[in-house]
Structures are given as structure tokens and as C-alpha cells.
Amino acid sequence: MQDDHDDSVWVTRCLRGDPTAFEPLVTRYQRVLFAVALRMLGDYEDARDAVQNAFVRAYERLDTYDPERRFFSWMYRVAVNDCFNSILARNPTAETRPDLSSYGDDCA
């Protein structure tokens, strides 16, 4: 798949010290991840913050990405985890293992 190959090229360039190489990944996935975050959080600003935090976290931890797997799947999980963290920060007694089926995982 061409997109997966492109993603791995951008990740490799980024890991080799080219910080601008992360931008195409953000551009490619920010809309779909924002849509997921908005469904999960129900608030536009919270969703924007969660996606931004997810991309920052992914950039900082890019060395943990397994190139044998799809980048989008890894990035999706980072974003969903950030949304869960936001939900728990709002309500520490919230369910910590929500049902993912309601969040449209069909994009992954």
C-alpha cells in the first residue's frame, strides 16, 4: 500500500533528525483523528486539544513506533488513549475501559 510506505518514509526521515518530516503525517491524519476525538469527547475544543496532545506525544515517542505495523493504527491508539485520559481527568470515577465499538474504529 503506497500510503503505508509513505508513512514509513516520513517516520524514518523524522527519526533521522528531520523535524519537518512529521508535518505530512499530521496533515494526513489530523482530520480523521479529530473526528474520532470529537465523537469521544463531545466538545470541539477538547477534541482539538486531545489531537494536538496526541501528535506531540507521538512525535516525542516516535522511536517506539513499530515500522512493521501501520502508522495510522499506532497514531489512532495514541489519540484514543489521549481522549481516555481527558475523560478520566474530567471525571476520575469514569469507566476506565469504555466500549470502543461506539467510537468508529472502522477507520483503522
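Keep in mind that the numbers below use all heavy atoms, side chains included, and drop hydrogens, waters and symmetry copies. From a predicted model like this one, the values you see are computed outputs, not experimental measurements. The residues of the chain are indexed from 1 along the displayed sequence.
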> So, taking the atom named CZ in Phe34 and the one named CZ in Arg39, what distance separates them when rounded to the nearest 0.5 Å?
11.0 Å

> Drop me the distance from Ser8's OG to Glu68's CD, to the nearest 0.5 angstrom.
10.0 Å

> How many angstroms lie between CG in Leu88 and SG in Cys83, if you round to the nearest 0.5 Å?
11.5 Å

> Would you check, one step at a time, whether the test side-chain contact (heavy atoms from CB on, under 4.5 Å) holds for Met75 with Leu25?
CA-CA 10 Å; Met75 188 65 231; Leu25 296 168; over 6 Å; no

> Contact between Leu62 and Phe22 at the side-chain level, heavy atoms closer than 4.5 Å - yes or no?
yes

> What side-chain donor-acceptor pairs closer than 3.5 Å can you find for residues 47-58, not counting sequence neighbours?
{"from": "Asn53", "atom 1": "ND2", "to": "Asp49", "atom 2": "O", "distance (Å)": "3.2"}
{"from": "Arg57", "atom 1": "NH2", "to": "Asp82", "atom 2": "OD2", "distance (Å)": "2.6"}

> Taking it one step at a time, do Tyr59 and Tyr65 satisfy ring-ring contact (aromatic ring centres under 6.0 Å, His included)?
CA-CA 10 Å; Tyr59 181 80; Tyr65 164 68; over 10 Å; no

> Which atom pair, heavy atoms only, marks the closest approach of Pro19 to Gly17?
CD-O, 2.9 Å

> Distance-only, no hydrogens or angles: does the Arg90 side chain make a donor-acceptor pair with backbone N or O of Leu41 under 3.5 Å?
yes

> Heavy-atom count check: over 12 atoms from other residues, nucleotides or ligands less than 6.0 Å from Arg69 CZ?
no

> Rounded to the nearest 0.5 Å, how far apart are CG of Asn81 and CZ of Arg77?
5.0 Å

> For residues Trp74 and Arg61, report the shortest heavy-atom separation together with the two atoms involved.
CZ2-O, 3.7 Å

> Would you check if Met40 and Phe84 make a side-chain contact, meaning some heavy-atom pair closer than 4.5 Å?
yes

> Rounded to the nearest 0.5 Å, how far does OG1 of Thr12 lie from CG of Asp7?
10.5 Å

> Do Arg13 and Trp10 have side-chain heavy atoms sitting under 4.5 Å apart?
yes

> Just checking Tyr76 against Phe71, ring centres under 6.0 Å apart?
no

> Could you give the distance from OG (Ser86) to CG (Asp46), rounded to the nearest 0.5 Å?
6.5 Å

